[in-house]
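Below you'll find the structure, written out as structure tokens, and then a few comments.
Just so we're clear, the structure is a prediction, and the values are computed from it rather than from any experiment. No hydrogens, no waters, no symmetry mates; every other heavy atom, side chains included, goes into these values.
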Amino acid sequence: MLHSLLAGRAKSVIFCWSELKVGSRKTVMAPPILSLALPSETGRVLSIQSHTVQGYVGNKSAVFPLQLLGYDVDPINSVQFSNHTGYPTFRGQVLNGQQLWELIEGLEANDLLYYTHLLTGYIGSVSFLNTVLEVVDKLRTINPNLTYVCDPVMGDEGKLYVPEELISVYREKVLPVASMLTPNQFEAELLTGLRICSEEDGREACKMLHATGPSKVVITSINIEGNLFLIGSHKKDKDNSPEQFKIVIPKIPAYFTGTGDLMTALFLGWSNKYPNNLDRAAELAVSSLQALLQRTLNDYLRAGYDPQTSSLEIRLIQSQDDIRNPQLKFKAEKYN
């Protein structure tokens with residue numbers, strides 16, 4: 001069904017090629033965009049996130065895994081830095097809202113703005129986030145069935161690392177248009193105003209987030225009394241309670257960069273393959289991520305480096321088999 005819908009949309013692209021003139025030779029036709037003319041069975045993703053030249057965070061952490069899972073992914077880099085900001089120094093550029101919109105207008109002018117999914121991660125300003133909301137509206141005028149997967153990156157472990165005014169924009173404007181939300185514990189608390197001190201609190205926070213818009217919510221990491229787990233919640237229709245589950249996650253004695261960006265990408269990838277089984281998608285996503293983290297830790301130890309002395313760059317390329325075909329080692333426990 002997805003293939004036929006995309007193929008139908010792509011017909012106009014096939015017959016609207018631009019004419020090119022090369023010197024004095026005859027006019028030739030530009031080739032079609034094959035990701036539109038012959039779309040993948042999975043979908044076409046527009047990913048608006050940060051980018052680093054070295055290392056794997058933001059789009060560098062999300063695009064490759066989604067491609068491995070069969071998606072065509074077009075990245076827009078909200079920032080382009082030499083490296084992530086955990087290093088002593090970094091250099092680079094920041095995209096503003098007007099520049100983002102110019103890219104969208106360029107895609108639209110060439111009939112290239114058809115996407116099945118929008119993925120967003122770290123956004124550092126209210127103006128840029130408001131432009132992202134305009135992008136959501138624009139994409140849904142072209143594809144009303146667009147799935148918007150939002151990782152509301154605002155902070156972690158009680159520390160806010162975006163301007164405080166972004167919280168209200170997420171609450172009031174982003175949540176109502178999001179399809180899936182993947183906050184961590186601290187971000188879920190900011191969005192709901194509920195302090196999460198127990199599993200029941202986590203489940204209630206998911207319900208509160210459902211009430212604002214997204215039908216799928218995953219609180220990707222909850223730490224209560226030293227126990228780490230995620231809670232997933234899928235509200236399939238407005239008249240019934242959401243289906244909820246948890247997955248217990250082992251604590252690894254190290255800090256890794258880019259894991260949240262990777263986790264959200266994996267949730268997008270697997271939940272689209274299992275649209276009615278968020279728990280199955282979560283099992284696959286967690287199994288992939290944990291295998292990658294363990295490989296990263298082992299490789300640092302092999303290199304003679306103490307992994308607890310600084311943040312670790314994840315071994316994304318070396319873990320591609322774990323992303324494409326994860327061994328299912330983590331099982332979801334469904335709540336009654």
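The cluster map of Ile, Leu, Val, Met, Phe, Trp and Tyr, joined by side-chain heavy atoms under 4.5 Å apart, puts Phe128 and Leu160 in the same cluster. Leu301 and Tyr255 fall into different hydrophobic clusters, where Ile, Leu, Val, Met, Phe, Trp and Tyr side chains are chained together by heavy-atom contacts under 4.5 Å. With hydrophobic clusters built from ILVMFWY side chains whose heavy atoms lie under 4.5 angstrom apart, Leu103 shares a cluster with Leu113. Leu146 and Leu181 fall within the same hydrophobic cluster, defined by Ile, Leu, Val, Met, Phe, Trp and Tyr side-chain heavy atoms under 4.5 Å apart, directly or through other members. Val45 and Val218 fall within a single hydrophobic cluster, where Ile, Leu, Val, Met, Phe, Trp and Tyr are joined by side-chain heavy atoms under 4.5 Å apart, directly or via other members.
In this structure, Phe90 CZ and Thr85 OG1 are separated by 6.0 Å, a value rounded to the nearest 0.5 Å. Note: Leu133 CG to Glu172 CD = 11.5 Å, rounded to the nearest 0.5 Å. Note that SG of Cys206 and CD1 of Ile231 are 6.0 Å apart. Values are rounded to the nearest 0.5 Å. Put simply, OG1 on Thr212 and NE2 on His210 are 9.5 Å apart, with the number rounded to the nearest 0.5 Å. For the atom pair Thr147 OG1 and Met180 CE, the distance stands at 8.5 Å (nearest 0.5 Å). The line from OH of Tyr148 to CG of Leu268 is 12.0 Å long, rounded to the nearest 0.5 Å.
A donor-acceptor pair shorter than 3.5 Å can be found between the side chains of Glu199 and Tyr335. Side-chain N/O atoms of Glu134 and Asn130 include no donor and acceptor closer than 3.5 Å.
For Arg302, the salt bridge (Lys or Arg N to Asp or Glu O under 4.0 Å) partners at least two apart in sequence or on another chain are Asp299. Arg295 pairs by the salt bridge (Lys or Arg N to Asp or Glu O under 4.0 Å) definition with Asp322, not counting sequence neighbours. In this view, Asn227 satisfies the side chain to side chain donor-acceptor pair (under 3.5 Å) rule with no residue, not counting sequence neighbours. Evaluation of the ring pair (Phe, Tyr, Trp, His ring centres under 6.0 Å) rule for Tyr300 yields Tyr305 as partners, not counting sequence neighbours. For the salt bridge (Lys or Arg N to Asp or Glu O under 4.0 Å) test, no residue two or more places apart in sequence or in another chain qualifies with Glu164. With sequence neighbours excluded, no residue satisfies salt bridge (Lys or Arg N to Asp or Glu O under 4.0 Å) with Glu333. With sequence neighbours left out, the side chain to side chain donor-acceptor pair (under 3.5 Å) criterion links Asn96 to no other residue. Scored by the ring pair (Phe, Tyr, Trp, His ring centres under 6.0 Å) test, Phe229 finds no partners at all (sequence neighbours excluded). A search for side chain to side chain donor-acceptor pair (under 3.5 Å) contacts involving Ser198 returns Asp201, not counting sequence neighbours. A search for side chain to side chain donor-acceptor pair (under 3.5 Å) contacts involving Tyr87 returns Gln54, Glu313, not counting sequence neighbours. Residues meeting the ring pair (Phe, Tyr, Trp, His ring centres under 6.0 Å) test with Tyr161, sequence neighbours left out: none.
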Val135/Trp101 under side chain to side chain contact (heavy atoms under 4.5 Å, CB included): CA gap, chis, key distance, verdict: CA-CA 8 Å; Val135 173; Trp101 193 249; 4.0 Å; yes
Step-by-step side chain to side chain contact (heavy atoms under 4.5 Å, CB included) determination, Ile323 to Leu316: CA-CA 9 Å; Ile323 294 169; Leu316 189 67; 3.8 Å; yes
Candidate pair Asn272 and Tyr71, rule side chain to side chain contact (heavy atoms under 4.5 Å, CB included), full reasoning: CA-CA 10 Å; Asn272 187 54; Tyr71 295 82; 3.1 Å; yes
Pair Val162-Val153, side chain to side chain contact (heavy atoms under 4.5 Å, CB included): steps then yes or no: CA-CA 8 Å; Val162 296; Val153 180; 5.6 Å; no
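The backbone N or O of Pro326 sits nowhere less than 3.5 Å from a side-chain atom of Ser287 that would complete a donor-acceptor pair. With Thr116 contributing its side chain and Arg44 its backbone, the two residues share a donor-acceptor pair below 3.5 Å. Between the side chain of Asp261 and the backbone N or O of Gly58 there is at least one donor-acceptor pair closer than 3.5 Å. Judged by distance alone, the side chain of Ser179 and the main-chain N or O of Val149 form no donor-acceptor pair under 3.5 Å. Remark: side-chain polar atoms of Gln185 are paired, donor with acceptor, to backbone N or O of Ile196 under 3.5 angstrom. Here the side chain of Thr192 pairs no donor or acceptor atom with the backbone of Met208 at under 3.5 angstrom. A distance-only check finds a donor-acceptor pair linking the side chain of Ser78 to the backbone of Gln49 [under 3.5 Å].
Partner of Pro75 under the side chain to side chain contact (heavy atoms under 4.5 Å, CB included) criterion, out of Leu46, Leu66, Ile48, Asn59: Asn59 alone. Shown are Ile76, Val79, Asn77; of these, the side chain to side chain contact (heavy atoms under 4.5 Å, CB included) with Leu95 is made only by Ile76. When each of Asn143, Asp74, Asp72 is tested with Tyr115 by the rule side chain to side chain donor-acceptor pair (under 3.5 Å), just one qualifies, namely Asp74.
Taking 4.5 Å as the limit, every side-chain heavy atom of Met263 sits out of range of all side-chain heavy atoms of Thr182. Looking only at side-chain heavy atoms (C-beta outward), Leu230 and Phe245 come within less than 4.5 Å of each other.
Residue Leu262 comes nearest to Pro65 through the heavy atom pair CD1-CG, 3.4 Å, listed as atom of the first residue, atom of the second, then distance. Shown here for Glu189 and Leu194, the closest heavy-atom pair between the two residues is CG-O, 3.2 Å. The shortest heavy-atom contact between Gly202 and Ile219 is O-CD1, 3.7 Å. In terms of heavy atoms, Asn184 sits closest to Gly155 at ND2-O, 2.9 Å. Between Lys173 and Val177, the shortest heavy-atom contact is O-CG2, 3.7 Å. Between Leu69 and Trp270, the shortest heavy-atom distance links the atoms CD2-CZ2, 3.5 Å.
Around NZ of Lys207, the count of heavy atoms belonging to other residues, nucleotides or ligands within 6.0 Å exceeds 12.
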For residues 275-285, which side-chain donor-acceptor pairs fall under 3.5 Å, sequence neighbours excluded?
{"from": "Asp279", "atom 1": "OD2", "to": "Lys334", "atom 2": "NZ", "distance (Å)": "3.4"}
{"from": "Glu283", "atom 1": "OE2", "to": "Ala332", "atom 2": "N", "distance (Å)": "2.9"}

